[in-house]
Amino acid sequence: MKKRYVRMVLVVIVMISSLSNVFASEESDYVVKDLTLDDLNGKVVGVQTGCLYETHLLKRCPDVNIEFFADPSTMILALKQGKLFAMLTESNSYLCERRFHPGLKYIEEVLEKIDCAVMFSPSGRQEKLREEMNAFIAEYINSGEREDMEDYWLDNSDLDSCVVDRSGITGENGKLVVAVESGYEPFSFVSKGEVSGFDVDFVYRFARKYGYSPEFYLTTFDALSAAVASGKADLGMNVVLSDERSDGAIFSDPYNTYNLIATVYEKSENKESFFEKTGNSFYKTFVKESRYELFLYGMYVTLIICILSIVIGTVAGLLLYLLLRERIKALTRFTELFGWVIHAMPTVLFLMILSYVVFASAKLNGIIVSVIGFSVLFCFTMYDLIVSGVKAVGKGQYEAARAQGFTDKSTFFLIQNPQAISHFLPAYKGEVISIIKDSSIVGYIAVMDLTKISDIVRSRTYEAFFPLITTALIYFLIMALLIFAVNKVGLPFDKTKRKTKKILKGIDVSKYGDYLEKIGKLPSIF
């Protein structure tokens, strides 16, 4: 009898030791045992812009070298390439990142416990929204709803299966524009063509209770606070609290708390072959969740912005030149100064000033703001091109035309402008190419263009090759298409490509008939 009890005890001991070994091996697979936060001193560490994580890191490791990144996917790529020794991330996001990068491991010591809250826009109803949000957060925490949401979103290894309940939205209290980061798993991300995640679910529960209709403003985290402060959005989600931010903005009570950790990358054995890895990458980038449709939408938005900006800018530049031909010195000086100012500042800064300052209260769609911004830039560029082209023609032809009775405008349109176009057409093509390239920055004002779509897909798949190469090829296609259109429109003004019959239309060439028939081209005087 005693032997049986002894055997049972031994079995239990063996089982406990086996389980402890399993948990120990699992922990060691995640935790880097031989590193501490002190080891970050003197090393390069990546931090996402706008999160304020660098303040906590510098307090703990004053000798660390910090590099800032716009999104986690780019930062992970730099970490894998050895450009970073470590990067800072949240404990919840780490689980999502590790799904795609098993080599990611974290230093066991927690850097800081971070509180996040909802930021409110100074729109006149911020106090009402704040009271409702704080009441909702208190109920959300005390009722156990937070634990249920955390189990569903934050502890779930398969976010593709998670769905936001969008039912029951009445909207009797109006629309609620909510700014969220576009690639921030598991809190806010694009899945199956819709914005999803913990924060999105949280907003829908709040809107359902208080009668709002939510609309999501997708942006980068570093631009999120600016979007809320300028009135582009009513709420900003998951904003890290700090004393400085609390002095200048209105926040709710904290609704989300997580550990800030430092992660490093240890290369693991890749059992996939090159073709398997490439096939999986292609599937995740284009096939899964029909993500190819996102690229098509991004291409459509980029085309719309580029075509409208070029057409409107060209017409506006021509009208501006005609206006300044009246030789009003004050207007000319002001135009030249304004054109110099907007061309001197970075294009992204000009767009952000338009979006968050000039049109902040208007709440214009980001595509409209982009078209306005690029049209203004192209307008002044077009004005400069026409000025240089007309100067290349020379004053003699203008004076001769006026002496023969031509008006100022007819002289310009019939004599000067056709020749001027041939002079500035190559530079015009260069400016068209510049506009197409510069359009890639409109994601800073929450426009879902081609580059932004590429960032969103990379943030979901953590794959760089196919999203970036595809984006580059589509830009090349757009550029080739628009340059082809410019060449077609400019063909009548290119004297090297015009046919003899077109040039001689309306001209008596009888005295040159034999000569033209002989050599098949115009004499040199033409």
Side-chain angles (χ1 to χ4, degrees), residues 23-117 150 153-155 157 159 181 183-189 198 220-222 224 238-245 254 256-268 458-459 462 464:
F23 290 125
S25 63
E26 182 179 350
E27 183 185 42
S28 64
D29 188 40
Y30 283 78
V31 180
V32 183
K33 290 294 187 181
D34 56 345
L35 286 179
T36 65
L37 291 177
D38 291 329
D39 294 314
L40 299 182
N41 279 306
K43 303 294 195 305
V44 181
V45 178
V47 176
Q48 187 175 0
T49 307
C51 295
L52 302 183
Y53 295 162
E54 65 277 7
T55 58
H56 303 293
L57 180 60
L58 289 171
K59 288 179 183 178
R60 181 66 176 79
C61 307
D63 297 327
V64 71
N65 298 314
I66 297 175
E67 282 195 13
F68 291 94
F69 292 82
D71 57 82
S73 59
T74 306
M75 190 159 51
I76 292 175
L77 183 61
L79 184 66
K80 293 178 67 175
Q81 292 173 345
K83 298 176 182 178
L84 300 176
F85 177 78
M87 73 175 202
L88 298 187
T89 189
E90 307 87 39
S91 51
N92 299 119
S93 297
Y94 168 77
L95 297 176
C96 297
E97 294 160 358
R98 187 179 163 82
R99 283 188 301 153
F100 300 98
H101 304 284
L104 285 177
K105 298 185 179 183
Y106 65 88
I107 296 175
E108 192 169 13
E109 182 182 357
V110 174
L111 179 60
E112 190 62 68
K113 189 170 285 291
I114 302 294
D115 289 327
C116 294
E150 288 177 347
W153 290 104
L154 307 186
D155 298 330
S157 60
L159 288 177
E181 190 177 358
Y184 183 32
E185 291 186 336
F187 295 99
S188 54
F189 54 93
F198 178 93
T220 55
F221 194 82
D222 56 344
L224 189 146
N238 234 320
V239 180
V240 178
L241 290 175
S242 69
D243 294 336
E244 185 178 6
R245 280 180 171 172
N256 180 30
T257 302
Y258 53 77
N259 292 328
L260 181 61
I261 58 176
T263 63
V264 298
Y265 186 78
E266 293 184 358
K267 290 184 178 180
S268 56
R458 284 193 299 117
S459 69
Y462 292 95

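Residues Y106 and V31 are in side-chain contact: their nearest non-hydrogen atoms beyond the backbone lie under 4.5 Å apart. L159 has its side chain within reach of W153: a pair of non-hydrogen atoms, C-beta onward, lies under 4.5 Å apart. Side-chain contact between I76 and M87: present, with at least one pair of heavy atoms (C-beta onward) separated by less than 4.5 Å. L260 is not listed as a side-chain neighbour of L57, based on a closest heavy-atom distance of 4.5 Å or more. Contact check for Y53 versus L111: no side-chain heavy atoms found under the 4.5 Å cut-off. You'll find the side chain of D39 stays beyond 4.5 Å of the side chain of I107, heavy atoms only.
Remark: Y184 pairs with F187 by the ring-ring contact (aromatic ring centres under 6.0 Å, His included) rule, at least two apart or across chains. Legend: residues meeting salt bridge (Lys or Arg N to Asp or Glu O under 4.0 Å) with E185, ordered by chain and number and at least two apart, are R99, R460. Partners of L58 according to the side-chain contact (heavy atoms from CB on, under 4.5 Å) rule, which considers only residues two or more places apart in sequence or in another chain, are V64, I66.
In summary, D38 and R60 engage in a salt bridge, as defined by a charged side-chain N under 4.0 Å from a carboxylate O.
Below 30°, between 30° and 60°, or above 60°: for H101 and Y462 the angle between ring planes is above 60°, a perpendicular geometry.
Atom CZ of F68 and atom SG of C51 lie 10.0 Å apart (nearest 0.5 Å).
The backbone N or O of C116 sits nowhere less than 3.5 Å from a side-chain atom of N238 that would complete a donor-acceptor pair.
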